[in-house]
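Heads up, the thing below is written out as structure tokens.
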Amino acid sequence: MPELPEVETIRRTLIEHVKDLKIEGIKLIWPSAVCGWEDKAFEDLVTGRRIRTIDRRGKYLLIRLDEDLTLIAHMRMTGRLNYYPDLREPEKHTHVVFRLEHGEVHFSDVRKFGRIQAIPTPLCFSGSSLGKLGPEPLEADFTPAVLKDRFGKKKVFLKAALLDQTVLAGMGNIYVDESLFLAGLSPDRRVDTLSEEEFSKLHQAIQSVLQAGIDAQGTSFRDYRDANGEKGMFEEDLQVYGRGGKPCHVCGQTLERVRLAGRTTVYCARCQR
DNA sequence: ACTAACCTGTAA
DNA sequence: TTACAGGTTAGT
């Protein structure tokens, strides 16, 4: 579920509650949600440390604890990290409970795809798939030239290239489709056919769609919620995602719904070339 | 470069 | 009952 704007929103809403709080205990309700350690070892490793900061890289959250320990969390499709100021019973799909000095953080995930990994901070990038991620699309050093360079000699569809986390970190099915609409580019264009002007338009579209997503606190098309359990507002601004068969907001033509790179893809055949 | 697998829930 | 869902990875 969560793509870059949703993960960033979780990061922001979580850290304001948990900064510098000590983790006093862990409850592993479904231990498979935690990887890299035996249950007891994970509990011992994490218990007693304080949460200092939370970083984000692509769709990964990096929860930095004392003494160079990092919890790498990925929500995949339906994962949530909820902060509660009080103690409460875990819900049906809650897999891990972090008991803090004040309140609790619950990791929940209906589909059980999400994972939390504990890793010494210096090993973060070598010891996980984080090391292979492409650039951060909202950082200042991400330019049209960098985008072109990341596509390299590939000949794949734009849709596939933008979903590839090693090309660019953080885009998923919603924001790829929205970016391509805003850029006026068809998802089945091959990446090696773009002009300089089209690279610029795509770069601009990616940055403005992702920033708008963050500003709206994410898209709650289905399950997504932030750390306070709040929905995001970006669904109201979606131009194509989830709108297959409906009229294009710009030209009125019926939006196409096809399968590309294994994912449902919606676009306007008139506005996107 | 596509498909299956990992899971559960919801809607058609 | 079947298809499909904001993701990733491992297999043809």
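For the pair Asp192(A) and Arg190(A), the salt-bridge criterion is not met [side-chain N within less than 4.0 Å of a carboxylate O]. By the 4.0 Å N-to-carboxylate-O rule, Glu43(A) lies too far from Lys27(A) to be salt-bridged with it.
The distance from atom CG of Leu162(A) to atom P of dG6(C) is 16 Å, rounded to the nearest whole Å. Rounded to a whole Å, the CE atom of Met77(A) is 11 Å from the C1' atom of dC6(B). In this structure, Arg80(A) atom CZ and dT8(B) atom P are separated by 16 Å, rounded to whole Å. Here the P atom of nucleotide dA1(B) and the CZ atom of Arg190(A) are 7 Å apart, to the nearest Å. A straight line from CZ of Phe221(A) to C1' of dG9(B) spans 15 Å, rounded to a whole angstrom. Between Arg222(A) atom CZ and dC7(B) atom P the separation is 20 Å, expressed in whole Å.
Residues from residues 234-250 of chain A with heavy atoms under 4.0 angstrom of DNA chain B: there are none.
Comparing the C1' positions of dG6(C) and dA1(B) gives an interatomic distance of 23 Å, to the nearest angstrom. A distance of about 22 Å separates the P atoms of dG9(B) and dT8(C), rounded to the whole Å.
Glycosidic conformation at dG6(C) (O4'-C1'-N9-C4 for purines, O4'-C1'-N1-C2 for pyrimidines): syn, within 90° of 0.
Ring-base stacking between Phe113(A) and dG7(C) is satisfied, the centre separation being under 5.5 Å and the plane angle under 30°.
When every heavy atom of Tyr175(A) is checked against every heavy atom of Glu3(A), the shortest pair comes out as CD1-OE1, 2.8 Å. Shortest non-hydrogen contact noted between Gly245(A) and Thr254(A) is O-CG2, 3.4 Å. Across all non-hydrogen atoms, the minimal contact from Thr94(A) to Val97(A) is CG2-CG2, 3.9 Å.
Partners of Phe181(A) according to the ring pair (Phe, Tyr, Trp, His ring centres under 6.0 Å) rule, which considers only residues two or more places apart in sequence or in another chain, do not exist here.
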Let's go through Thr78(A) and Asp223(A) carefully: what are the C-alpha distance in whole Å and the side-chain angles of both, what is the deciding distance for side-chain hydrogen bond (donor to acceptor under 3.5 Å, both in side chains) to 0.1 Å, and is it a yes or a no?
CA-CA 6 Å; Thr78(A) 52; Asp223(A) 306 288; 5.7 Å; no
Under the side-chain hydrogen bond (donor to acceptor under 3.5 Å, both in side chains) rule, what do Arg64(A) and Thr70(A) come out as? Steps first, then yes or no, please.
CA-CA 5 Å; Arg64(A) 310 294 194 183; Thr70(A) 294; 2.8 Å; yes
Set out, in order, the CA-CA distance, both residues' side-chain angles and the distance that settles side-chain contact (heavy atoms from CB on, under 4.5 Å) for Ile10(A) and Met75(A), then state yes or no.
CA-CA 10 Å; Ile10(A) 294 171; Met75(A) 306 296 129; 4.3 Å; yes
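Distances from the side chain of Glu3(A) to the nucleotides dA5(C), dC7(B), dG7(C) place dG7(C) closest.
Under the Watson-Crick or G-U wobble criterion, with both distances below 3.5 Å, dC7(B) has no partner in any strand shown. Judged by Watson-Crick or G-U wobble contacts below 3.5 Å, the nucleotide dG6(C) has no partner.
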Could you write out each protein N or O paired with an N or O of nucleotides 9-11 of chain C at a distance under 3.5 Å?
from   : atom 1 : to        : atom 2 : distance (Å)
dT9(C) : OP1    : Ser129(A) : OG     : 3.2

